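Here's the structure, in structure tokens; my notes come after.
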Number of protein chains: 2
Amino acid sequence: MTAPARRPGRRPGRSSSRDDILAAARVLFGERGYDKASIRAIAAAAGVDPALVHHFFGAKEELFAAAMEFPVDPETILPLILAGPRAEIGERLVRTFLRFWSDPRLRPQFVGIIRSATTSETGATLLRDFITSQLFARVAAVLEVPGLNLNAAAAQLVGVVMFRYVLEMEPMASASDDELVALLAPTIQRYLDA
Amino acid sequence: MTAPARRPGRRPGRSSSRDDILAAARVLFGERGYDKASIRAIAAAAGVDPALVHHFFGAKEELFAAAMEFPVDPETILPLILAGPRAEIGERLVRTFLRFWSDPRLRPQFVGIIRSATTSETGATLLRDFITSQLFARVAAVLEVPGLNLNAAAAQLVGVVMFRYVLEMEPMASASDDELVALLAPTIQRYLDA
DNA sequence: GCATAAATTCAACGCATGATGAGTTACGCC
DNA sequence: GGCGTAACTCATCATGCGTTGAATTTATGC
């Protein structure tokens with residue numbers, strides 16, 4: 001309700017504008033996808049002038065890249081999955097995957113990547129490169145599994161998050177993580193056994 | 001290279017403009033998604049003035065609905081899947097599904113629906129409603145399978161076409177239908193057995 | 001304290017878009 | 001053969017977009 005009596009010039013104290021913009025960008029890219037998330041809307045959500053976005057990040061595509069940079073480091077997540085009995089790797093993978101998607105701080109970013117992967121070539125490249133070079137290369141080096149099987153496993157998981165978080169289709173959107181693990185783990189396990 | 005010496009007024013002979021527009025819309029919506037496929041670009045691809053698009057279809061969203069109307073009638077496809085031994089329903093479903101996606105006349109339309117489902121609420125509703133009311137309701141009436149299992153099966157297939165036709169991720173994009181059937185059919189079968 | 005740099009807004013440009021309304025030509029019926 | 005209707009284009013509008021450059025205020029290094 002504060003009247004928008006903003007005036008030009010630097011604000012006193014240290015500023016959080018840069019981070020505010022990043023956070024707003026993640027939310028809006030996640031909700032609307034690359035094209036429909038306008039710089040003006042992101043700036044408004046961050047309580048900031050659109051020109052400031054350019055001042056910090058340059059063109060829109062750079063903002064997108066900065067906001068969507070993969071929030072998870074493969075080096076920390078892969079050991080969680082690969083360690084443990086090989087016969088239970090499907091369950092560990094599905095459980096870990098769903099746990100990351102449950103984090104409300106990470107999810108908008110994930111959804112944004114999925115949403116934008118179908119629309120902008122930048123988004124598609126981002127997702128494709130991450131899956132192939134970051135994940136598959138490492139997993140394939142440890143487990144000896146054909147690439148097509150890895151694709152099938154990844155496709156199952158991507159399909160699930162599309163249903164659950166993008167389309168919000170019932171009953172999958174409301175199912176518990178445990179239900180999904182029970183349902184999906186055998187599928188993933190089979191792909192990774194071959 | 002024909003000089004664009006178009007003049008106003010009705011053309012002699014019978015016109016294919018309406019169908020040309022629909023065809024161009026299917027291609028462009030499929031390639032670019034709802035937002036990036038502009039009415040002007042669709043009109044240009046159809047060799048027609050943008051205003052003619054409005055003349056035939058009204059607002060853009062109506063054009064989209066007309067172009068993306070599901071090209072497959074569930075009444076004709078479901079018997080193909082449901083008839084035959086129950087133990088092979090997974091294979092029949094996957095094979096039929098992939099065969100429809102292989103049709104180069106149908107694919108742009110399918111891709112358009114997937115692409116737009118992640119971006120526009122209209123697209124999401126279109127896909128959601130078709131899957132739930134057209135497919136699931138009918139299938140669930142015949143096979144007695146929990147809704148969550150149907151979701152999981154559909155998610156697997158949607159994930160596959162995202163990898164294969166939207167992201168064009170290798171090796172799935174280049175795999176043969178037969179390879180995919182062998183890989184996916186047991187998964188689908190398991191979901192539909194429960 | 002003063003100069004430079006950083007943060008911030010304002011005003012504006014140029015562009016593409018979806019949409020509208022009026023005008024023009026052909027078809028089909030009586 | 002005249003008339004309503006359908007097909008078709010043109011010019012135009014308002015809007016929202018990404019982007020830019022200048023102006024203003026604060027922080028910081030010397």
Side-chain angles (χ1 to χ4, degrees), chain A residues 2-25 28-29 31-68 116 119-123, chain B residues 2-25 28-29 31-68 116 119-123:
Chain A
T2 7
R6 292 181 304 189
R7 62 200 197 294
R10 186 170 182 157
R11 302 283 171 273
R14 66 203 189 300
S15 164
S16 65
S17 294
R18 203 194 138 93
D19 290 342
D20 293 347
I21 292 170
L22 268 183
L28 287 182
F29 280 135
E31 286 177 354
R32 311 187 185 174
Y34 181 79
D35 302 290
K36 283 190 147 164
S38 68
I39 288 203
R40 287 164 143 93
I42 292 170
V48 141
D49 189 275
L52 192 62
V53 178
H54 280 91
H55 173 62
F56 280 126
F57 298 98
K60 184 181 186 180
E61 198 133 322
E62 303 174 56
L63 204 218
F64 179 73
M68 291 296 146
S116 307
T119 301
S120 86
E121 193 42 48
T122 316
Chain B
T2 6
R6 292 181 305 187
R7 62 199 197 297
R10 185 169 183 159
R11 304 283 171 275
R14 68 203 186 300
S15 165
S16 64
S17 294
R18 200 195 142 93
D19 290 342
D20 293 348
I21 292 170
L22 267 184
L28 287 182
F29 280 136
E31 285 177 356
R32 310 187 187 174
Y34 180 78
D35 302 289
K36 284 190 149 164
S38 67
I39 288 201
R40 289 164 142 94
I42 292 171
V48 140
D49 188 274
L52 192 62
V53 177
H54 281 93
H55 173 61
F56 280 128
F57 298 97
K60 184 180 185 182
E61 198 132 322
E62 302 175 57
L63 205 216
F64 180 73
M68 292 296 147
S116 307
T119 300
S120 86
E121 192 44 46
T122 315

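Here the structure is a predicted model, which means the values were calculated and not measured. Sequence lines set the chain letters: A, B, ... in the order given, protein chains first and strands last, and positions in each chain run from 1.
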[X] [atom1] to [N] [atom2], straight-line distance once rounded to whole Å:
X: B:Ile39; N: D:dC10; atom1: CD1; atom2: P; value: 17 Å
X: A:Asp19; N: C:dA7; atom1: CG; atom2: C1'; value: 14 Å
X: A:Phe57; N: D:dT20; atom1: CZ; atom2: C1'; value: 18 Å
X: A:Arg32; N: D:dC17; atom1: CZ; atom2: P; value: 9 Å
X: B:Arg14; N: D:dC8; atom1: CZ; atom2: P; value: 13 Å
X: B:Arg10; N: D:dC3; atom1: CZ; atom2: C1'; value: 14 Å
X: B:Asp49; N: C:dT17; atom1: CG; atom2: C1'; value: 14 Å
X: A:Asp35; N: D:dG16; atom1: CG; atom2: P; value: 17 Å

Distance below 4.0 Å between [X] side-chain N/O and [N] OP1 or OP2:
X: A:Ser15; N: C:dA7; value: no
X: B:Arg11; N: D:dT9; value: yes
X: B:His55; N: D:dC8; value: no

Just checking B:Leu52: base, sugar-phosphate only, or nothing, at a heavy-atom cut-off of under 4.0 Å?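 Base, at least one base atom sits under 4.0 Å.
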Give one of base, sugar-phosphate or nothing for B:Arg40, where a contact means two heavy atoms less than 4.0 Å apart. base
If you measure from NE2 on B:His54 to CD1 on B:Ile39, what distance do you get to the nearest 0.5 Å? 4.0 Å
Heavy-atom distance under 4.5 Å between the side chains of [X] and [Y], does that happen here?
X: A:Ile42; Y: A:Phe29; answer: yes
X: B:Val53; Y: B:Lys60; answer: no
X: A:Tyr34; Y: A:Met68; answer: no
X: B:Ile21; Y: B:Val48; answer: yes

When you match A:Pro50 and B:Glu61 each to their closest nucleotide on DNA chain C, which lands nearer the 5' end?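 Whichever sits nearer the 5' end wins; that is A:Pro50.
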Go through [options] for me and flag the one nearest to the [X] side chain.
X: A:His54; options: D:dT20, C:dG21, C:dT9; answer: D:dT20
X: B:Pro12; options: C:dT8, C:dA26, D:dG21; answer: C:dA26
X: B:Phe56; options: D:dC8, D:dT20, C:dT9; answer: D:dC8
X: A:Ser38; options: D:dG18, D:dT9, C:dT17; answer: D:dG18

